[in-house]
S.K.: 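Let me give you the structure first, and then I'll get to my questions.
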Amino acid sequence: MQQAQIQSMLPEADLAYTVLADLKRVVREYATAATEANCPEIRQMFTDLLNSSLRMQGDLYQLMQQNNMYSSPSPALRQELEKQLDQNRQTLQQTKQLIQQMMSAAPQAMQHMPMGSMQSGQTHPQQHQQNQQHQQQGHFYN
Amino acid sequence: MMQPVTGKELEYVVDSMSNEDLLMKQCAVAAVSATNPALRAMCASMQQVHEQHYQALVSKLEQHQQMAPTQPQH
(Lines give C-alpha, C1' and ligand atoms only; values in the text may rest on other atoms or scores of the structure.)
Protein backbone atom coordinates (compact mmCIF):
# COMPACT_ATOMS: atom_id res chain seq x y z
CA MET A 1 0.00 0.00 0.00
CA GLN A 2 2.75 2.41 0.98
CA GLN A 3 4.63 1.72 -2.23
CA ALA A 4 1.47 2.33 -4.25
CA GLN A 5 1.00 5.71 -2.56
CA ILE A 6 4.54 6.73 -3.35
CA GLN A 7 4.24 5.51 -6.91
CA SER A 8 0.97 7.33 -7.54
CA MET A 9 2.79 10.58 -6.79
CA LEU A 10 5.21 9.91 -9.64
CA PRO A 11 4.54 11.61 -12.98
CA GLU A 12 2.93 9.17 -15.41
CA ALA A 13 5.98 9.18 -17.68
CA ASP A 14 8.10 7.91 -14.78
CA LEU A 15 5.48 5.31 -13.98
CA ALA A 16 5.47 4.08 -17.57
CA TYR A 17 9.26 4.11 -17.64
CA THR A 18 9.40 1.94 -14.50
CA VAL A 19 7.18 -0.66 -16.19
CA LEU A 20 9.20 -0.43 -19.42
CA ALA A 21 12.50 -0.92 -17.58
CA ASP A 22 11.14 -3.95 -15.75
CA LEU A 23 9.79 -5.45 -18.98
CA LYS A 24 13.26 -5.09 -20.49
CA ARG A 25 14.78 -6.88 -17.52
CA VAL A 26 12.17 -9.65 -17.59
CA VAL A 27 12.72 -10.20 -21.35
CA ARG A 28 16.43 -10.76 -20.69
CA GLU A 29 15.69 -13.12 -17.83
CA TYR A 30 13.27 -15.19 -19.92
CA ALA A 31 15.84 -15.44 -22.71
CA THR A 32 18.46 -16.65 -20.21
CA ALA A 33 16.01 -19.09 -18.64
CA ALA A 34 15.06 -20.53 -22.05
CA THR A 35 18.69 -21.08 -23.03
CA GLU A 36 19.43 -22.83 -19.74
CA ALA A 37 16.32 -25.00 -19.61
CA ASN A 38 16.73 -28.78 -19.68
CA CYS A 39 13.17 -29.99 -20.38
CA PRO A 40 11.88 -29.02 -23.84
CA GLU A 41 8.47 -28.08 -22.49
CA ILE A 42 10.00 -25.78 -19.85
CA ARG A 43 12.08 -24.18 -22.60
CA GLN A 44 8.90 -23.73 -24.64
CA MET A 45 7.15 -22.05 -21.71
CA PHE A 46 10.02 -19.58 -21.21
CA THR A 47 10.10 -18.94 -24.98
CA ASP A 48 6.37 -18.16 -25.00
CA LEU A 49 6.72 -15.89 -21.96
CA LEU A 50 9.70 -14.20 -23.64
CA ASN A 51 7.70 -13.48 -26.80
CA SER A 52 4.70 -12.22 -24.88
CA SER A 53 6.85 -9.91 -22.70
CA LEU A 54 8.80 -8.69 -25.71
CA ARG A 55 5.54 -7.78 -27.46
CA MET A 56 4.33 -5.80 -24.43
CA GLN A 57 7.66 -3.99 -24.12
CA GLY A 58 7.52 -3.00 -27.79
CA ASP A 59 3.91 -1.81 -27.56
CA LEU A 60 4.61 0.24 -24.43
CA TYR A 61 7.72 1.78 -25.97
CA GLN A 62 5.75 2.82 -29.08
CA LEU A 63 3.00 4.35 -26.96
CA MET A 64 5.50 6.28 -24.84
CA GLN A 65 7.28 7.56 -27.91
CA GLN A 66 4.01 8.70 -29.53
CA ASN A 67 3.11 10.57 -26.35
CA ASN A 68 6.54 12.21 -26.00
CA MET A 69 7.38 10.30 -22.85
CA TYR A 70 10.50 8.90 -24.45
CA SER A 71 12.79 10.94 -26.67
CA SER A 72 14.02 9.00 -29.69
CA PRO A 73 17.78 8.61 -29.95
CA SER A 74 19.42 10.68 -32.71
CA PRO A 75 20.07 8.90 -36.03
CA ALA A 76 23.54 7.59 -36.90
CA LEU A 77 25.37 9.52 -39.61
CA ARG A 78 25.65 8.11 -43.13
CA GLN A 79 29.47 8.33 -42.94
CA GLU A 80 29.39 6.15 -39.86
CA LEU A 81 27.20 3.58 -41.65
CA GLU A 82 29.52 3.56 -44.65
CA LYS A 83 32.56 3.14 -42.44
CA GLN A 84 31.01 0.20 -40.59
CA LEU A 85 29.82 -1.46 -43.82
CA ASP A 86 33.26 -1.09 -45.35
CA GLN A 87 35.02 -2.58 -42.35
CA ASN A 88 32.60 -5.46 -42.10
CA ARG A 89 32.78 -6.32 -45.80
CA GLN A 90 36.52 -6.69 -45.33
CA THR A 91 36.07 -8.85 -42.24
CA LEU A 92 33.60 -11.09 -44.07
CA GLN A 93 35.99 -11.45 -46.99
CA GLN A 94 38.81 -12.49 -44.64
CA THR A 95 36.53 -14.94 -42.82
CA LYS A 96 35.44 -16.53 -46.09
CA GLN A 97 39.06 -16.94 -47.19
CA LEU A 98 39.97 -18.47 -43.85
CA ILE A 99 37.05 -20.92 -44.01
CA GLN A 100 37.96 -21.85 -47.57
CA GLN A 101 41.54 -22.57 -46.46
CA MET A 102 40.28 -24.70 -43.61
CA MET A 103 37.92 -26.62 -45.92
CA SER A 104 40.58 -27.34 -48.52
CA ALA A 105 43.11 -28.37 -45.86
CA ALA A 106 40.73 -30.99 -44.43
CA PRO A 107 38.17 -31.83 -47.10
CA GLN A 108 37.38 -35.30 -45.77
CA ALA A 109 36.85 -34.17 -42.21
CA MET A 110 34.32 -31.57 -43.32
CA GLN A 111 32.48 -33.92 -45.65
CA HIS A 112 32.10 -36.56 -42.99
CA MET A 113 30.63 -34.18 -40.46
CA PRO A 114 26.96 -33.69 -41.21
CA MET A 115 25.18 -30.88 -39.33
CA GLY A 116 23.02 -33.34 -37.41
CA SER A 117 25.94 -35.06 -35.71
CA MET A 118 26.88 -31.89 -33.87
CA GLN A 119 23.55 -31.89 -32.06
CA SER A 120 22.83 -34.69 -29.64
CA GLY A 121 20.02 -37.02 -30.51
CA GLN A 122 17.50 -36.54 -33.27
CA THR A 123 17.18 -33.27 -35.10
CA HIS A 124 13.74 -31.76 -34.84
CA PRO A 125 12.09 -30.72 -38.08
CA GLN A 126 11.90 -27.22 -36.57
CA GLN A 127 15.68 -27.08 -36.21
CA HIS A 128 16.05 -28.12 -39.82
CA GLN A 129 13.84 -25.28 -40.88
CA GLN A 130 15.84 -22.88 -38.76
CA ASN A 131 19.06 -24.05 -40.36
CA GLN A 132 17.60 -23.52 -43.78
CA GLN A 133 16.43 -20.07 -42.78
CA HIS A 134 19.90 -19.19 -41.61
CA GLN A 135 21.35 -20.30 -44.89
CA GLN A 136 18.77 -18.31 -46.81
CA GLN A 137 19.44 -15.24 -44.74
CA GLY A 138 23.12 -15.74 -45.36
CA HIS A 139 22.64 -15.11 -49.06
CA PHE A 140 21.67 -11.51 -48.41
CA TYR A 141 25.09 -10.81 -47.04
CA ASN A 142 26.99 -12.34 -49.93
CA MET B 1 8.39 -36.91 -22.72
CA MET B 2 7.98 -34.71 -19.66
CA GLN B 3 11.07 -34.72 -17.44
CA PRO B 4 11.43 -33.68 -13.80
CA VAL B 5 12.16 -30.00 -13.39
CA THR B 6 15.82 -29.24 -12.55
CA GLY B 7 16.96 -27.11 -9.62
CA LYS B 8 18.05 -24.39 -12.01
CA GLU B 9 14.72 -24.41 -13.83
CA LEU B 10 12.89 -24.19 -10.52
CA GLU B 11 14.93 -21.13 -9.57
CA TYR B 12 14.13 -19.42 -12.86
CA VAL B 13 10.43 -20.24 -12.52
CA VAL B 14 10.32 -18.87 -8.96
CA ASP B 15 12.27 -15.72 -9.91
CA SER B 16 9.91 -15.24 -12.84
CA MET B 17 6.91 -15.54 -10.55
CA SER B 18 8.17 -12.70 -8.36
CA ASN B 19 8.94 -10.61 -11.48
CA GLU B 20 5.42 -11.16 -12.80
CA ASP B 21 3.96 -10.39 -9.38
CA LEU B 22 5.80 -7.06 -9.28
CA LEU B 23 4.80 -6.18 -12.85
CA MET B 24 1.16 -6.98 -12.06
CA LYS B 25 1.24 -4.44 -9.21
CA GLN B 26 3.15 -1.83 -11.20
CA CYS B 27 0.71 -2.07 -14.10
CA ALA B 28 -2.25 -1.82 -11.74
CA VAL B 29 -0.81 1.36 -10.18
CA ALA B 30 -0.11 2.84 -13.63
CA ALA B 31 -3.58 1.86 -14.86
CA VAL B 32 -5.32 3.78 -12.06
CA SER B 33 -2.99 6.76 -11.70
CA ALA B 34 -2.06 7.64 -15.29
CA THR B 35 -4.04 10.45 -16.94
CA ASN B 36 -3.37 9.46 -20.55
CA PRO B 37 -6.29 7.17 -21.54
CA ALA B 38 -4.21 5.08 -23.95
CA LEU B 39 -1.58 4.48 -21.28
CA ARG B 40 -4.28 3.57 -18.74
CA ALA B 41 -5.81 1.07 -21.16
CA MET B 42 -2.47 -0.48 -22.05
CA CYS B 43 -1.42 -0.87 -18.42
CA ALA B 44 -4.78 -2.43 -17.54
CA SER B 45 -4.38 -4.99 -20.32
CA MET B 46 -0.73 -5.64 -19.44
CA GLN B 47 -1.76 -6.29 -15.84
CA GLN B 48 -4.04 -9.08 -17.12
CA VAL B 49 -1.28 -10.57 -19.27
CA HIS B 50 1.14 -10.60 -16.32
CA GLU B 51 -1.51 -12.40 -14.30
CA GLN B 52 -1.75 -15.01 -17.08
CA HIS B 53 2.05 -15.32 -17.10
CA TYR B 54 2.01 -15.88 -13.35
CA GLN B 55 -0.70 -18.52 -13.72
CA ALA B 56 1.27 -20.30 -16.46
CA LEU B 57 4.31 -20.50 -14.17
CA VAL B 58 2.26 -21.85 -11.26
CA SER B 59 0.56 -24.45 -13.50
CA LYS B 60 3.90 -25.64 -14.79
CA LEU B 61 5.18 -26.23 -11.26
CA GLU B 62 1.96 -28.04 -10.36
CA GLN B 63 2.34 -30.32 -13.39
CA HIS B 64 5.84 -31.26 -12.27
CA GLN B 65 4.97 -31.72 -8.60
CA GLN B 66 4.19 -35.48 -8.82
CA MET B 67 7.23 -36.18 -10.98
CA ALA B 68 9.78 -34.63 -8.64
CA PRO B 69 11.97 -37.15 -6.77
CA THR B 70 11.82 -37.20 -2.97
CA GLN B 71 15.47 -38.23 -2.61
CA PRO B 72 18.51 -36.39 -4.01
CA GLN B 73 19.60 -37.97 -7.33
CA HIS B 74 23.04 -38.27 -8.85
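Here the structure is a predicted model, which means the values were calculated and not measured. Just so we're on the same page: letters track the sequence lines, and every chain starts at 1.
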S.K.: Measure the spacing between CD of A/Glu12 and OG of B/Ser33 and express it to the nearest 0.5 Å.
M.R.: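 OG of B/Ser33 is found 8.5 Å from CD of A/Glu12.
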S.K.: Checking side-chain polar atoms at under 3.5 Å, does A/Asp22 have a donor or acceptor matched by the opposite partner on B/Gln26?
M.R.: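 Their side chains do contain a donor-acceptor pair, which is all the 3.5 Å distance test asks for.
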S.K.: What part of B/Met46 lies closer than 4.5 angstrom to a heavy atom of chain A: side chain, backbone, both or neither?
M.R.: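 For B/Met46, backbone and side chain are both near chain A.
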S.K.: Taking only residues two or more places apart in sequence or in another chain, which ones pass salt bridge (charged side-chain N to carboxylate O under 4.0 Å, His left out) with A/Lys24?
M.R.: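 With neighbours one apart ignored, the set is empty.
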S.K.: Looking at A/Glu41 and B/Lys60, is any side-chain nitrogen of the basic one under 4.0 Å from a carboxylate oxygen of the acidic one?
M.R.: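 A/Glu41 and B/Lys60: salt-bridged.
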S.K.: Output the distance between atom NE2 (B/His53) and atom OG (A/Ser53), rounded to the nearest 0.5 Å.
M.R.: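 If I round to the nearest 0.5 Å, the distance is 4.5 Å.
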S.K.: A/Leu49 versus chain B, heavy atoms under 4.5 Å apart: side chain, backbone, both or neither?
M.R.: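 Contact with chain B involves both backbone and side-chain atoms of A/Leu49.
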S.K.: Between atom CG of A/Leu60 and atom SG of B/Cys27, what is the distance when rounded to the nearest 0.5 Å?
M.R.: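 Rounded to the nearest 0.5 Å, the CG-SG separation comes out at 8.0 Å.
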S.K.: Working to the nearest 0.5 angstrom, can you tell me the gap between B/Leu57 CG and A/Phe46 CZ?
M.R.: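 With rounding to 0.5 Å, CG (B/Leu57) is 6.5 Å from CZ (A/Phe46).
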S.K.: Roughly how far, to the nearest 0.5 Å, is the CG atom of A/Leu15 from the OG1 atom of B/Thr35?
M.R.: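 Rounded to the nearest 0.5 Å, the OG1-CG separation comes to 10.0 Å.
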S.K.: If I measure from the heavy atoms of chain B, does A/Met64 come under 4.5 Å with its side chain, its backbone, both, or neither?
M.R.: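 For A/Met64, no heavy atom lies under 4.5 Å from chain B.
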S.K.: B/Asp15, B/Val32, B/Val13: which one forms the most heavy-atom pairs within less than 4.5 Å of chain A?
M.R.: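 Sorted descending by pairs with chain A, the first entry is B/Val13.
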S.K.: Does any heavy atom of chain A fall under 4.5 Å from the side chain of B/Leu39, the backbone, both, or neither of them?
M.R.: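 Its backbone and side chain both get close to chain A.
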S.K.: Does the side chain of B/Tyr12 pick up a donor-acceptor pair with the side chain of A/Glu29 at under 3.5 Å?
M.R.: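 A/Glu29 and B/Tyr12 do not have a side-chain donor-acceptor pair below 3.5 Å.
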S.K.: What distance do A/Arg25 atom CZ and B/Leu22 atom CG have between them, rounded to the nearest 0.5 Å?
M.R.: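 Output value for this atom pair is 7.0 Å.
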